[in-house]
Protein chains: 2
Amino acid sequence: MSTPTRPILDIAARRPHRADARRNFDAVLAAAREAFAAHGTDASLEDIARRANVGIGTLYRNFPTRQDLLEAVYAGEVQELCLGAQAVAELEPWEAFTTWVDSFARYVPTKLALLQALNKDSEIFRACKSAMLASALPIFERAQQAGALRPDVELDDVLRMISGMIGSTYADDAQRQRVLGIALDGLRAR
Amino acid sequence: MSTPTRPILDIAARRPHRADARRNFDAVLAAAREAFAAHGTDASLEDIARRANVGIGTLYRNFPTRQDLLEAVYAGEVQELCLGAQAVAELEPWEAFTTWVDSFARYVPTKLALLQALNKDSEIFRACKSAMLASALPIFERAQQAGALRPDVELDDVLRMISGMIGSTYADDAQRQRVLGIALDGLRAR
DNA sequence: CTTGAAGTGGAGGATAGCCTCCAGTAGAGT
DNA sequence: ACTCTACTGGAGGCTATCCTCCACTTCAAG
């Protein structure tokens, strides 16, 4: 079992060589992840630096633009999701699919802001997207070939539908779950 | 045929009495509507004033806080939607429902930002929401009673599902339409 | 231990948006 | 035509964030 998912884009390459610098790099990334999740893509960079116990200058050296930081955070999160896709390999086709959709649904809310911010013209964005598609495609196709999933749908449709639906606000988790169920019913072959 | 839908909340009451003042009031509202749609809820108020050919002071007199302006814009748009709900009264139950969903879907994208911004604790928000629910409920119930719409779903579920899905970004309108179709299939009784 | 290159952090200038305030303008009742 | 008052607009003070710059610190190779 050789490295199952390698870094989507060379974030590792950017990581400084010196130990202390590397700690700072990681701290900034972690703080940014939280900040973006909590306050959206315009979270204050100075605030992020502060929470990472790092000077603003350090943040800027590692991530010269806000976009750079966004991309780094995003790539990291996508990678986690891809790993999750491997965990459902042993389930029944339809169950594997719904399970994956579920994990995707849990993943989306935090990343929604990132998605929008990157939509524009980022190269890393495309790389992440295709990595994610590639990891999900087997699950999707298996469900389709087993006749459980309607054949006139594309994976991309599903992703967009789910990510939109989930991003919406709901009264409670029960409602969110019920709505997700409706969507899955719509996806089921008949 | 007496006033079919009266103002949701007394925006009219806030309108100044003097002719020029009223023009300005309306211009600000129109500019704000565009600006919020284009740049989200944090659109610059100074920019809005500029586009309305109005001093920033005028904007502030009419709408002392950003929230006030958001509410006014939102109320106006909801009212339009409610009017649309009356147009489908003569269609078959299921068709009326899908048609209404469609109009709702066209309405949502612009208003999404507003929705989120108001979610918090606005009184006007609740008023708008219930006005919209009230206008959509007959259509919804008719479809359900006709056995076309699954009975284990609430109107609120549909609204949230649709508004989320539609808010998502799509490759093109065809995809948006296809995804909407899937959702409607999920909603159909079987 | 020494040394220099890599890395640090925050002071400070620049910009942008928020909101107040008030001298001036112009509608509408008489 | 006159006046009174509602209404105007934008200058200016305030704050928040962005980002640059460089004197200082610290790691790690020899």
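What you see is a predicted model, and the numbers here were worked out from it, not measured in a lab. Lettering follows sequence order; numbering is per chain, from 1.
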**Q.** Centroid-centroid under 6.0 Å between B:F97 and B:W100 rings
**A.** no
Q. For C:dC18, does either OP1 or OP2 sit under 4.0 Å from a side-chain N or O belonging to B:S44?
A. yes
Q. In terms of the nearest nucleotide of DNA chain C, which residue is placed more toward the 5' end: A:E46 or A:N62?
A. A:N62
Q: Would you check if the side chain of B:R178 reaches a backbone N or O of A:V153 as a donor-acceptor pair within less than 3.5 Å?
A: no
Q. Want to settle it: does B:P16 or B:I56 sit nearer the 5' end of DNA chain D, counting the closest nucleotide to each?
A. B:P16
Q. For DNA chain D, whose closest nucleotide is more 5', that of B:R18 or that of A:R18?
A. B:R18
Q | Side chain of A:Y60 (C-beta onward), nearest among D:dC18, D:dG9, D:dC7 | A | D:dC18
Q: Could you tell me whether the side chains of A:T65 and A:D68 share a donor-acceptor contact shorter than 3.5 Å?
A: yes
Q. Taking atom C1' of C:dC18 as reference, at what distance in whole Å does atom CG of B:D47 sit?
A. 14 Å
Q: Check the distance between C:dA16's C1' and B:D42's CG and give it to me in whole angstrom.
A: 13 Å
Q. Between B:R66 and B:R23, which is nearer to the 5' end of DNA chain C once each is assigned its nearest nucleotide?
A. B:R66
Q: Could you state the atom-to-atom distance from CZ of B:R61 to C1' of C:dT25 in whole Å?
A: 12 Å
Q: Report, as yes or no, whether the 6.0 Å neighbourhood of atom CZ on B:R66 holds more than 12 heavy atoms from other residues, nucleotides or ligands.
A: yes
(Q) Taking A:A171's backbone N and O only, do any of them form a donor-acceptor pair with A:Q175's side chain (distance below 3.5 Å, no angle check)? (A) yes
Q: Give the rounded distance in Å between these two atoms: CG of A:L69 and P of D:dC18.
A: 11 Å
Q) C:dA11 P sits how many Å from A:R50 CZ, rounded? A) 12 Å
Q) Is there a side-chain polar atom (N or O) of B:N24 under 4.0 Å from OP1 or OP2 of D:dT8? A) yes
Q) Could you state the CZ-P distance from B:R14 to D:dC7, rounded to the nearest angstrom? A) 14 Å
Q: Between D:dA28, C:dG27, D:dG9, spot the one nearest the side chain of A:A19, thanks.
A: D:dA28
Q.
Rounded to whole Å, please give me the gap between CZ in A:F63 and P in C:dG7.
A. 13 Å
Q.
Taking the minimum atom-to-atom distance to the side chain of B:T58, which one of D:dG9, D:dC7, D:dT26 wins?
A. D:dG9
**Q.** Listed nucleotide nearest any side-chain atom of A:A21, set C:dT8, D:dT20, C:dC19
**A.** C:dT8
Q) Roughly how many Å is it from CG in A:D68 to P in D:dC19, rounded to a whole number? A) 11 Å
Q: Please tell me which of the listed nucleotides, D:dA6, C:dG9, D:dC18, lies nearest to the side chain of A:L45?
A: D:dC18
